Amino acid sequence: MRETRYIRAIAEALHEEMARDEDVFVVGEDVGGPGGAFSATKGLMEAYGERRVRDTPISESAIIGLAIGAAAEGLRPVAEVMFADFLTVCMDQLVNQMAKTRYMFGGMYTLPVVVRAPGGAGLNAGPQHSQSLEAWFAHVPGLKVVSPATPYDAKGLLKSSIRDDNPVIFLEHKALYGSKGEIPDEEYLVPLGKADVKRIGKDVTVVAASRMVHEALDAAKDLSKDGIEAEVIDLRTITPLDRETIFTSVEKTSRLVVAHEAVKAFGIGAEISAMVTEEMLDHLDAPVLRVGAPFVPVPFNLERYYLPNARDIAAAVRRVMEY
Amino acid sequence: MRETRYIRAIAEALHEEMARDEDVFVVGEDVGGPGGAFSATKGLMEAYGERRVRDTPISESAIIGLAIGAAAEGLRPVAEVMFADFLTVCMDQLVNQMAKTRYMFGGMYTLPVVVRAPGGAGLNAGPQHSQSLEAWFAHVPGLKVVSPATPYDAKGLLKSSIRDDNPVIFLEHKALYGSKGEIPDEEYLVPLGKADVKRIGKDVTVVAASRMVHEALDAAKDLSKDGIEAEVIDLRTITPLDRETIFTSVEKTSRLVVAHEAVKAFGIGAEISAMVTEEMLDHLDAPVLRVGAPFVPVPFNLERYYLPNARDIAAAVRRVMEY
Amino acid sequence: MVNKEELLRLLYLMVKVRRVEECLVDIFSQGKIPGFIHVGIGQEAVSAGVCSCLRERDVVFTTHRGHGQALAKGIDLNRFMAEIYGRRDGFCKGKAGSMHIASREAGVAGSNGIVGGGLPIAVGNAFAAQYRNEDRVTVCFFGDGASNEGTFHESLNLAALWNLPVVFCCENNGWAQFTPQKVYMKLQNISKRAESYGMIGVTVDGDDVLMVREEAEKAVERAIRGMGPTLLECKTHRWLGHYVGDPQKYRTTEEVEEVRKFDPIIRFQKYLLENKHVDRQYLDGLEAGIKMEIEEALAFAENSPIAPAEELFTDVYA
Amino acid sequence: MVNKEELLRLLYLMVKVRRVEECLVDIFSQGKIPGFIHVGIGQEAVSAGVCSCLRERDVVFTTHRGHGQALAKGIDLNRFMAEIYGRRDGFCKGKAGSMHIASREAGVAGSNGIVGGGLPIAVGNAFAAQYRNEDRVTVCFFGDGASNEGTFHESLNLAALWNLPVVFCCENNGWAQFTPQKVYMKLQNISKRAESYGMIGVTVDGDDVLMVREEAEKAVERAIRGMGPTLLECKTHRWLGHYVGDPQKYRTTEEVEEVRKFDPIIRFQKYLLENKHVDRQYLDGLEAGIKMEIEEALAFAENSPIAPAEELFTDVYA
Ligand SMILES: Cc1ncc(C[n+]2csc(CCOP(=O)(O)OP(=O)(O)O)c2C)c(N)n1
Ligand SMILES: Cc1ncc(C[n+]2csc(CCOP(=O)(O)OP(=O)(O)O)c2C)c(N)n1
Ligand SMILES: [Mg+2]
Ligand SMILES: [Mg+2]
C-alpha cells in the first residue's frame, strides 16, 4: 500500500489501461502536454505518443462523437470533458447518441466509451464550473454513472469503467483531486454497480456519493461521540444503483439519510428515498431525510453557505434519530 | 366555452400574447409558413410578419442564445425547439446561460424567455424523438418547468409563461396535440405553480403530469367501479412545485401514487415521493408508488409495451389500497 | 471513366431506390408503417453516384432521408423493409424504424434522427480507420439544413485537422423541412464552407449521376491516400414533402411540378439510350426485376413477426 | 484619423488595463482573490482599439479573459474590483467573480465561463437592437480557441443571415489554454471563416492599437449602417499562462520572453513619443494617476463587505 492523491490515482488507471490495451486512447482538450486542466493525463503523451493521446480543438460535441464512432469500431476511448458543466455542450452526443446507439440499432453496436468529467463546487469556480449533474445521467437508460470518493475507488472504478463494454459517465470531484488515500501496489479493480460500506454502524444509514462521503464520515465521527453509530455507504456507482447494499443496511438500521452535493430537489437522493420507502416503508422508524444543495446556482462568493457539509448531515441524522 | 384542440389552444395563446405585447416574438425552425412541425405557430407569420415571426437555420443553440440576449434587453421571446429531445443540442444555453444569468450577474438581468418543446412518446417516432425530460430541467435552479395536459391549461399556462419574468421550459406533449377540450371564449390565465385537482376523491391521491393525467383519470373511472375514489392531481407546473395541493390531498387520502411518462428511475416521481414521505410519513397508510416508463430508451416498434398507462396506474392504486 | 458494367449498376441503383421509395410512400399512406418517414425521391443520383464507388468495408453514415443512401451502399432489401415495418427481422429488430436503419455487414453505420448528429460520429469512424491503419473510407451524408448546426463545424474542423479518411457529402435539396435554403442561409454553395477548415470543397450537379460519381471517386481517392477529407456538395431536388403526407402548402403546385424536370433517372436513361448502352427492352426488364425484388421484400417484411414484449428490455446494456 | 485626444485615451486605456491586471496577478498570488483568474497582459491593444470606438449604449460581450474588454468599455474600476474580490459592492454582488463581470450602465453585458457560450447571446443582443430599431452596435469578444465551438458557427451564420448590427472580435492570442493554435486548427487566419457566412472578415495586427482601432471603426460603422456583421480577428500575444499560477511548462522560457517584444504599449508609446504627442513626463503622470485609481479601487474592494448568507437565495427568480 502507498499513499496517493485522487488525481494521481486517476492518472495511474489511465496509464495502466493504456499499457494493457492498445485500443484504449485518450482524447480531449489539452490532454497532451500538461495533461489537461487538472493534470489527470500527465505523462501519457510521453508514454504513448500523439497517436493515442489526442489533443482536440475546443469542440466537445466532436470529442464525444469521435469517441462514439471509434468505440463502435471496437476502440476504447477515454474522453475528457474539462468540467462536468461542459457536458451540456455535448449533451446530444451523450444522451441521444451514446446512450441510445446500442438499443436503437438492436444491439448492433457495443460502445465502450468512458467520459471523464470533474464536477462539484468548493474551488470558488462560479456557477458554470461547479455543478453536480449526476442525476441527469442517472435518468438516461443506456448510461452507467460512476462517481468515486477516494483515490482507491477512483483508480479501481476507472479501470473497470474502461474495461466495461458500456458508455460510462465518470464523474470526478475536482475538490477531491488533491485528497490522499491508500492504494495497493499491485493491480486491482473496483467493480461497477457495487456500493461500499465505508463505515459500519447500527443506528442509522447514511448513503452518500462523491465528496459527501467524507462529510458523512466526519459527521459519523461526531455522532459517535453522542453514541450514535452511523453506517456510511458510499454509492460509488450511481447507475446501476446497488439497491441491495442499501436495503441490507436499512434493514439493520431502520433509518436513512441520503447526502449529495447536487441540488437537493430532483437529485439522486430523491430516487434513493423513493426506492427505500417504496420497498420497506414498514421498516422505517423515521422519514428518509435528504441533504443536498439549496435550489440556487453555485455562487462564486458564497460557497461556504451553499455547500452541504458534515454538520448538515449530522443534523439530519439527529432528526431521524429523535423522530 | 368552445371545444378546441390542444395544439390550437397553444396557437391561440401565442396569437393573443403577440397581439397584446409588441415585445413578444416567436423564433424557431419553420415557425413561419406552415407554423412549425406541428403547426403551433400557424397563422402568426400572416398576422405579425417576418419581424416578429423568425424562421431560423437549424441551429438550436443560436435560437436559445438569441432568445436569452433579446430577453435580457427586455423583449419576450417564445422559442420553439421542434422536439424536446433536441433540447440536448442547446443544453448549455438552457442550463448554463439562461437558467443562471440572473443569479450569476446578481439580479442584473431579467429573462422572460419561453422555450416551447413537445416531448413524449406515442407516435412511434423512435428513441430520439420521444423523450420526456422534465426531471432534468426541474433539477436546475433558475428555470420554471411547465407541462400542460389539457387544451384549457395549455392556453392558460402558455399565456402566463409568456408574461412571467423568468425562463420557462414549456413542455408540450405531442400525442396530446390532437386532443380536444373546452376553453372559455373570453381571455383567461392559468397561474404557474398551481396544481389542479382534476378529479376529487377520498381514498387515494394520484399525482400525474402531462399525458398521464388522462391515464390517471381513466384509471380513476375504472377504480370507481370497485368503490375506490381516486383524487387526481394534475401538476401542470413541475417547478415551482405546488407542494400544498399535494400535501392537502394526501392528508385526506393517506395514500399516494405518482405517474409520469418519463423513465421512472430518477424521474420527477422520485422527488414527489421523497418529499411526501419526508414530510408526512406517519400520515401514509401505504408506500408511495410510482408509475413511469421502464429503464430503456423509447423503441420505435414497442411503444405499447413501453408506455405507462391507466392499467398500470390502476394496478398501483390497488396495491396501495390493499397494503 | 466509368465502364459499362458500372453504368448499368448506377442505373440499377437509382431505379431501385426510386421504386422502393415509391413503394414506401404507398404502403405508408395505407397505414402499414408506424411512425413517420422521409423519402428522397428525385435525389437518387447522389446516393447512387457516391455509394457506387465504395467498397463493402467502406462505411456510410446516413440521414433521416437515408433510404437511398443505405440501399445504394448495398443494404439487404428484405431486412431493410422489415426494419421499416418495425419487425423482428429488421436489421435492428424493428427498434429503429425508417429513421435509424443500419447494417454492419453492408457498411451502413446508421442514420440519425438528430440533424447533424451523425457528423461527429462519422469522424470517429474515420478516426478508427486511421488509428488502425485500415484501408477504408467513411462517407457522411447530411443535408443543406444540417450544415448550419454546430456539429457540422466541429466535425469538419476536426476531420481536416487530423486528415481523416472521410468524405462529407452534403445532399443539398434546397430545403430544410418547410423552409427554402435562401431563407435560412446567405451562402448558395455550401461547399464553400470547406475553406474554413482548410479542406477541399466541391459542388456538383447532384442530378447528374456521372458527375456525382466522378467527384465522389476523387474524394474517396484523396481520403484513402491520406490526403484528407472533402466536402462534396451535390445539388439536387426534393420532389415530395419533407415527410410522407406533408401537404407542402409552402410551395406552389407549379414548383412541385417544376422540380420533376430535373429527374436524374430520365436524364441518365436518355444518356444510356443515346449512347446505345441500353435499349427500351433493357429498361423494362430492369424495372420488372426490381418490382419483383420489392414484392419479395414486402412479403418478407409483412411475414416477419412483431418483436415480442421482452425485446423491450434487451440491448440497453452490453 | 484618430485625433490627439483619442490617441491619449487609447494610451490611457491600455496602460490602465495593463496595470490593473498586473495588480490582479499580484493580489491573486497573495491569496486575496478566491477562485481562479485569467489575465490578458500583452493583449491590451485589442480591448482598447475596439472599445474606444464604442459609445456608452453600445454593448460588449466579454470572455473569461475579459478584464481588459470590460475596463476599456468603461466599467467602473471600484465595483469591478469589488466583484473580483467577491464582495457585496461588486457589480454582481460578488456572485460572479472575475469570470462573469457585467455592468449594464457601462454596456458590459457580461463574460462567460463557457467558451463560445456568449456568442449566441450577443447575437440576441444585436437582434434586440434591430428589432427595436435602436442605434447601437454589439461587440462580441472571443478567443481563437472558441472559434472551433459549434456556437461560433451557428452565431455567425445567423447574424450574417439577418444582417445584425454586431462585430465579432476574435482576440487571437495563439493559444487555447495549454495548446497552440497550430495544434488545434489548420487555418491560420480565423477571419477567413467569415466567408462561410457571407460575412466580411478582416485580420489585423492586434498589437498595433491604431490598426485595431481603424478596422474596428469600419466594422462598427458597417454594423450601424445596416451593412451587417464583421468578423474582426486581432492577432496578439498572451504573455502569461492561461490562468494566473499556470507554470506554462508547455512553452520554453525563451518563448515566454520572446512574446514580450510585441508589447503593444511600448510600441504605442514609441509612436506617441516620436510624433511628439506625449513626452516622458506625461507618461509618468499617467502611470501615477492610474496607480492611484487602482489603489482606490483596491481599498474600495477590500472595504466592501462580504455578501451575507441571505444573498445565497436572492436573484434566482425575478
Ligand atoms: C437537432 C435537430 N433539429 C431539428 C430537427 C428536425 N428536422 C428534421 S429533418 C429537418 C430538416 C433537415 O434539412 P436538411 O438537413 O436539408 O435535410 P433534408 O430533410 O432536406 O434531407 C429538421 C429541421 C432534427 N431532427 N434535429
Ligand atoms: C465549453 C468549454 N470548453 C472548455 C472550456 C475550458 N477553457 C476555458 S478557457 C479555454 C481556452 C480558450 O481559448 P481561447 O478561446 O483562445 O481564449 P483565450 O483563453 O486564449 O483568451 C478553455 C479550453 C470552457 N470554459 N468551456
Ligand atoms: Mg435539405
Ligand atoms: Mg486564445
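Letters go in sequence order (proteins before strands), and every chain restarts at 1. Being a predicted model, the structure only gives us computed values, none of them experimental.
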query: Nearest 0.5 Å, what's the CG-CD distance between D:Asn125 and B:Glu73?
result: 4.5 Å
field: Proximity breakdown for D:Leu119 and chain B, heavy-atom pairs closer than 4.5 Å
entry: neither
query: How about B:Glu187: does its CD atom have over 12 heavy atoms from other parts shown lying under 6.0 Å from it?
result: yes
query: Measuring heavy-atom distances to chain D, does B:Asn96 have an atom under 4.5 Å in its side chain, in its backbone, in both, or in neither?
result: side chain
query: Side chain, backbone, both or neither: which part of D:Leu312 has a heavy atom under 4.5 Å from chain B?
result: both
field: Heavy-atom donor-acceptor pair, D:Glu154 side chain to B:Ala62 backbone, under 3.5 Å
entry: yes
- prompt: So which bits of residues 77-94 of chain B come within less than 4.5 Å of chain D, counting non-hydrogen atoms only?
  reply: B:Asp92, B:Gln93
- request: Under 4.5 Å heavy-atom distance to chain D, tell me which part of B:Leu143 shows up: side chain, backbone, both or neither.
  value: backbone
message: Quick check on the structure: residues of residues 40-50 of chain B within a heavy-atom distance below 4.5 Å of chain D, by number.
response: none
- prompt: Could you go step by step and tell me if D:Arg132 and B:Glu22 meet the salt bridge (Lys or Arg N to Asp or Glu O under 4.0 Å) rule?
  reply: CA-CA 10 Å; D:Arg132 292 182 158 160; B:Glu22 240 244 313; over 6 Å; no
message: I'd like to verify something: which residue of B:Met104, B:Lys100, B:Glu60 has the highest number of heavy-atom pairs under 4.5 Å with chain D?
response: B:Met104
- prompt: Do D:Phe313 and B:Tyr103 have their ring centres less than 6.0 Å from each other?
  reply: no
message: Taking the side chain as everything from C-beta on, heavy atoms only, tell me whether B:Phe105 gets closer than 4.5 Å to D:Lys95.
response: no
message: Using heavy-atom distances under 4.5 Å, tell me whether D:Ala109 contacts chain B through its side chain, its backbone, both, or neither.
response: both
field: Atom group of D:Thr138 that falls short of 4.5 Å from chain B, counting heavy atoms
entry: neither
message: Would B:Arg51 pass as a cation-pi partner of D:Tyr131, given that its NZ or CZ must be under 6.0 Å from the six-membered ring centre and within 45 degrees of the axis?
response: yes
Winner by heavy-atom pair count (cut-off under 4.5 Å) against chain B, out of D:Ile101, D:Asn112, D:Val123: D:Asn112
task: Please check if the side chain of B:Asn166 supplies one atom and the backbone of D:Ala318 the other of a donor-acceptor pair under 3.5 Å.
output: yes
field: Option that, when pairs with chain B are counted at under 4.5 Å, heavy atom only, ranks first among D:Glu83, D:His153, D:Glu134, D:His100
entry: D:His100
message: Less than 4.5 Å apart, side chain to side chain, heavy atoms only: is that true for D:Trp162 and B:Thr56?
response: yes
